[in-house]
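Taking it in order: structure first as structure tokens, then the write-up.
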Amino acid sequence: MDSLPTVLIVDDVPENLRILNDVIASLDCQVAVATSGERALELLNRTQPCLVLLDVMMGGIDGFETCRRIRLLEQHKELPVIFVTALADDISLGFEVGGNDFISKPFRVDEVRVRVQHQLEKYRLLQELRELTITLEDKVHERTADLNLLNRNLRKEVNERRYMQDRLKYLAQHDFVTQLYNRDALDEHVTHLISDLPTQPANAPLSYFALLDINEFRLINDSCGCIAGDELLHQLAELLAEQIDPKRDFCARMSGDKFVVVLDNGGAEAVASFFRLFNQALEAFTFVWDERQFRISVTQVALPLTQQISSFEQLVMLADEVCYACKKSGVKTRVIKDADDMEFKEHRGNLNWGLRIIDGLEKDLFEVHFQQVCSLTQSRSKKKIEILVRLKDEVNGGLIYPNDFIRAAERFGIISKIDRWVIQHTMRELSKRTQLWEDIDQVAINISALSVRQANFSGFIIEQLEKYQLDGSKFCFEITETEALNNFNDTRNFMSLLHEQGCTIALDDFGTGFSSFAYLMDLPFDLIKIDGIFIKDMHQNEIHFGMVDSIVKLAKMLKKPVVAEFVENQTIVDLLKSLGVEWGQGYHFHKPEKL
Ligand code: C2E
Ligand code: MG
Ligand code: MG
């Protein structure tokens, strides 16, 4: 509870003190009394008055001097002082020394009360105002501090966010192993350069796309493990980064063992100098792993970004094509100078196959045909068929046969797309044609060894079997033996997953490859298809006859049935029967037709 305000009455006449005391006491105030100016000054701090009634004429220092001294005290500068005086001419001096009002003697009680009340009210309001100002100032301080803190936190949060965004952007654009740009970032950069081509002046030096393919990567990755492979990539990326001009050149890891450097507007000289520097560094480089030393070679090709290049994908396929051709002919470095380069034109021709296949898949230009496979031992057996893919020729009409495009599809890594299309399309068709499905004993579908190597390819086949509710044991998958089957673990795994579904697996075109026998011994094939080139002239070619004979004997020992391809006449049929071949396939029995 607030205590009552104190009024200090200063007078040396007891009668005056009494009268004033009575008036003040009736105003709900406490009274403090001093009988001299000196005493009043002493009492100030102790009584903390809200008002002083100060007699002018006193012994010792008079009222004016007392007031002057009060005003010198910082704490009481605003303390209201009312002079109590009998002399009219004192008034102006009283205001000069800091008095606020005066009361004249002899007292009139009403006047005293009004003047005292007025000063007390004024003082109270002043105090309230001061308190309000103080609280307001406190609040302002508090709010300012809050705002500062908020501001600091906000700035911190903005910085953290900016960092996260930068980090995310970095991760999205960089390769984890080498810290170089990744394929997406390269795509963006090259696409931008391609779209800028029409605005380039005709005589501006060309930008070049340099592809570097590590020849020994698979050897190291497969024989020493993928940690060694990653380390090799990391070291080569560093070597590469040292040879480029980071202000001009864009360096990326494009895929597994392929790096790309884009030399912006450097012309063919810049590429030649970059290849020279890189090769010097590579000469001095040895990769060491587990105390073994490896010399590394890198096939390097560079292509100009000319108006003929329409997209990043096309450029990559083209570079791959040139690189592949270099590897095949043992060339280490090849710079295509401009669009008139003859080889460049040839590669673009090859590349057309890649683009046609992609186009064919997009426009649904593929179709499936089938050829019957006939029993040579039983006359009334059920039907076996082999599915064969064809591509419709949009330009000239007619059909394009797989020998024309399968190799290109394998080269450009799109063969599995074709295989998936054929599997899906065949299964869908068979699920719709119930009579045909009933009549057929077995459907053989060709798949590339590159598809076998795809991690989820068997999963895809199983999915399709489930989707179309077809019995897996009616399907045979034919795989042609190639180098790509070399990874026996993957192949065995693939075969076992399909065997679980009841499918059989045939080794196609047996006899032409180098490792046919090894495959046959090491992998659980269910059927052997002898390559047609030995069959179609076996009645005229003793060596081919001998080959067929020994393959059949071997198959019998392994207890695997045999299919002979390219059976073109009855003489061949008779010969095959005499050797004990179970199945024949060829134009003599049936020419492939649309499914
Ligand atoms: P393949 O699996 O050995 O198929 C047999 C090939 O021999 C077929 O050629 C067929 O039309 C042809 N042929 C059949 N009978 C005779 C004959 O009496 N004489 C002669 N000279 N040829 C005959 P096609 O359809 O041109 O297929 C060629 C190869 O393309 C196939 O050889 C197979 O390896 C591959 N292929 C076909 N379809 C697919 C597919 O869907 N995926 C994959 N990855 N490869 C496929
Ligand atoms: Mg086949
Ligand atoms: Mg074949």
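If you're wondering where the values come from, they're calculated on a predicted model, not measured in any experiment. Atoms within a ligand are numbered from 1 in the order they appear, just like the ligands themselves.
Rounding to 10°, one obtains 90° for the angle at the Mg ion (ligand 2) between OD1 (Asn446) and OE1 (Glu478).
Not a single heavy atom of His369 sits less than 4.0 Å from an atom of ligand 1. Taking a 4.0 Å cut-off on heavy atoms, Pro592 registers as neighbouring ligand 1. Using a non-hydrogen distance threshold of 4.0 Å, Asp419 registers as a contact of ligand 1. Assignment of Glu565 to the shell around ligand 1 is supported, since a heavy atom sits closer than 4.0 Å. At least one heavy atom of Arg390 sits less than 4.0 Å from an atom of ligand 1.
Salt-bridge check for Lys363 with Glu394: passed, with a basic side-chain N closer than 4.0 Å to an acidic carboxylate O. The pair Glu429-Arg433 counts as a salt bridge, with a side-chain nitrogen and a carboxylate oxygen less than 4.0 angstrom apart. Ion pair Asp393/Arg356 flagged as a salt bridge, since at least one NZ, NE, NH1 or NH2 atom sits closer than 4.0 Å to an Asp/Glu carboxylate oxygen. Between Lys258 and Asp213 there is a salt bridge, with a side-chain nitrogen of the basic residue lying less than 4.0 Å from a carboxylate oxygen of the acidic one. Between Glu313 and Arg183 there is a salt bridge, with a side-chain nitrogen of the basic residue lying less than 4.0 Å from a carboxylate oxygen of the acidic one.
Residue Thr480 holds the heavy atom nearest to atom 34 (O) of ligand 1 of all those in Thr480, Ile535, Ile418, Ile387.
In terms of N/O distances under 3.5 Å, ligand 1 is not approached by Tyr401. An N or O contact shorter than 3.5 Å links Asp509 to ligand 1 by distance.
Enclosure of atom OH in Tyr181 is not indicated, since only 12 or fewer non-hydrogen atoms of other residues, nucleotides or ligands lie within 6.0 angstrom. Within a 6.0 Å radius of CG in Leu168, more than 12 heavy atoms belonging to other residues, nucleotides or ligands are found.
Here the N, O or S atom of Glu386 that is nearest to the Mg ion (ligand 2) is OE2.
Only the side chain of Val422 comes within 4.0 Å of ligand 1, judged by heavy-atom distances. Contact annotation: for Gln585 versus ligand 1, there are no heavy atoms closer than 4.0 Å.
Residue-ligand proximity, Gly586 to ligand 1, at heavy-atom distances under 4.0 Å covers atoms 15 (N), 18 (O). Applying the 4.0 Å criterion to heavy atoms of Ile447 picks out, from ligand 1, the atoms 44 (N). Interface atoms of ligand 1 facing Asp508, defined by a heavy-atom separation under 4.0 Å, are 1 (P), 2 (O), 3 (O). Using a 4.0 Å cut-off to heavy atoms of Ile406, the atoms of ligand 1 that qualify are 43 (C), 45 (N), 46 (C). Residue contact check: Gln371 has heavy atoms under 4.0 Å from atoms 14 (C), 15 (N) of ligand 1.
Arg390 forms no cation-pi arrangement with Phe366, by the criterion of a distance under 6.0 Å to the ring centre and an angle within 45° of the ring axis.
Among all heavy-atom pairs drawn from Asn446 and Asp419, the shortest one is O-OD1, 3.9 Å.
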